Amino acid sequence: MANFDTVNSRYFLPKAQQEGELFKQFTFGSGENHLQILAPSNKHVEIMFRYRGDQSIIQLLLLTDALRRQGANEIDLYIPYFPGARQDRVCNQGEPLSAKVYADLINQQQYHKVYLFDPHSDVVVALLNNAQVIKNHQFIKDVVNEIDRDLILISPDAGSNKKIFELSSQLGGLPVVRADKLRDVSNGAIIGTEVFCEDLSGKTAMIVDDICAGGRTFIELAKKLKAKNCEKIILVVSHYEGSAQEIKLQESGIDAVYTTNSLQDLVATKFLNVKNIWQFMPAQGESK
Ligand SMILES: O=P(O)(O)OC[C@H]1O[C@@H](O)[C@H](O)[C@@H]1O
């Protein structure tokens with residue numbers, strides 16, 4: 001999973017340096033994108049797509065159209081981070097159902113398979129045609145092997161429990177501690193966190209979640225874990241936005257963040273020990 005080769009039927013977006021150019025791409029001054037496939041396409045191709053803002057979605061649609069016109073009739077899409085997945089319900093009046101908007105766009109392309117990595121919930125999987133889920137199990141196993149300590153898994157909120165207990169059994173029954181966010185019912189803002197356990201003296205806690213975005217969830221949680229005398233706190237997220245809150249994450253007691261490159265090429269920060277241990281596809285400008 002971690003390493004993709006660069007055979008001719010794999011098209012990377014954003015474009016990574018690879019053996020032979022498969023397509024050219026540029027953006028006009030007006031902001032419109034242009035691309036051109038440079039050789040006839042195989043019938044079956046794979047697009048390895050990392051979401052980089054909504055402009056990148058347009059590039060994906062253009063690439064898909066160009067490939068079909070060049071003869072591709074079975075296209076698999078790898079989209080490890082699926083945009084809009086966290087807005088999988090309308091929380092406040094006036095908001096869109098973003099997950100459906102993005103899913104509809106992808107469905108219109110009639111991909112043969114759409115591979116997602118550790119999606120936020122089952123909703124986006126249900127909205128997409130031909131979705132295949134790559135679970136986070138192997139990623140977490142790799143992290144556990146690298147840490148090599150006695151661990152407890154922390155389920156950050158009620159919505160994560162099912163996933164974390166499944167993960168625990170995959171990891172030979174690692175103990176699980178449950179936590180939950182307390183929210184302001186009027187606007188959904190996080191106002192606190194509860195951790196359902198007694199003293200955690202001497203323990204290494206591994207918080208596992210799909211994404212770290214603003215970081216608020218983990219800052220509050222880490223503070224509570226520290227207050228329960230946790231010795232070390234590791235945050236493991238499949239998708240990491242790279243947050244303005246990194247100083248606060250560190251101050252809250254998080255010792256390291258383990259993540260993948262599903263959203264970012266390189267996570268370098270002087271504040272946090274962020275390890276990008278899984279490479280979905282070559283970083284832009286890297287030859288793999
Ligand atoms: O607290 P931040 O980092 O902003 O958001 C991440 C959390 O928000 C949820 O959607 C994710 O599943 C995760 O629990």
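Keep in mind that what you see is a predicted model, and the values were worked out from it rather than measured. Counting convention: from 1, in listed order, for ligands and their atoms alike.
Counted by atom type alone, S252 and K226 present zero donor-acceptor pairs between their side chains at under 3.5 Å. Between the side chains of D210 and Y81, no donor-acceptor pair is found at a separation under 3.5 Å.
Taking any N or O of I211, backbone or side chain, none lies under 3.5 Å from an N or O belonging to ligand 1. In terms of polar-atom proximity, defined here as any N/O pair under 3.5 Å, F218 makes no such contact with ligand 1. Polar contact with ligand 1: absent for I190 (N/O pair, distance under 3.5 Å). Considering both main-chain and side-chain atoms, D210 comes within under 3.5 Å of ligand 1 through a nitrogen or oxygen pair.
For the pair P14 and R52, the tightest heavy-atom approach, listed with the atom from each and the gap, is CG-NH1, 3.7 Å. The minimum heavy-atom distance between S56 and R50, with the atom names listed, is OG-O, 4.4 Å. Contact detail for H120 and K163: the closest heavy-atom pair is O-NZ, 4.4 Å.
Distances below 4.0 Å separate heavy atoms of H120 from the following atoms of ligand 1: 9 (C), 10 (O), 11 (C), 12 (O). In summary, the atoms of ligand 1 found under 4.0 Å from a heavy atom of C212, numbered by their order in the structure, are 3 (O). For ligand 1, the atoms closer than 4.0 angstrom to any heavy atom of R86 are 10 (O).
Looking at K181 against ligand 1, only its side chain comes within 4.0 Å, counting heavy atoms. The proximity of D209 to ligand 1, defined as any non-hydrogen pair under 4.0 Å, is limited to the side chain.
In this structure, the protein non-hydrogen atom closest to atom 2 (P) of ligand 1 is G215 N, 3.4 Å. If you check which protein heavy atom lies closest to atom 7 (C) of ligand 1, you get T217 OG1, 3.4 Å. Atom 4 (O) of ligand 1 has G214 N, 2.8 Å as its closest protein atom, hydrogens excluded (heavy atom only).
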| CA sep, side-chain torsions, deciding dist, call: T260, Y240, side chain to side chain donor-acceptor pair (under 3.5 Å) | CA-CA 7 Å; T260 76; Y240 184 68; over 6 Å; no

| request: Quick one: do E95 and R86 satisfy salt bridge (charged side-chain N to carboxylate O under 4.0 Å, His left out)? Show the steps, please. | output: CA-CA 13 Å; E95 290 175 347; R86 277 181 295 156; over 6 Å; no

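The closest approach between any non-hydrogen atom of E241 and ligand 1 is not below 4.0 Å. Contact between P156 and ligand 1 is absent, with no heavy atom of the residue lying under 4.0 Å from the ligand.
Between F117 and K135 the shortest side-chain heavy-atom distance does not fall below 4.5 Å. Looking at I207 and V236, their side chains never come closer than 4.5 Å, going by heavy atoms from C-beta outward.
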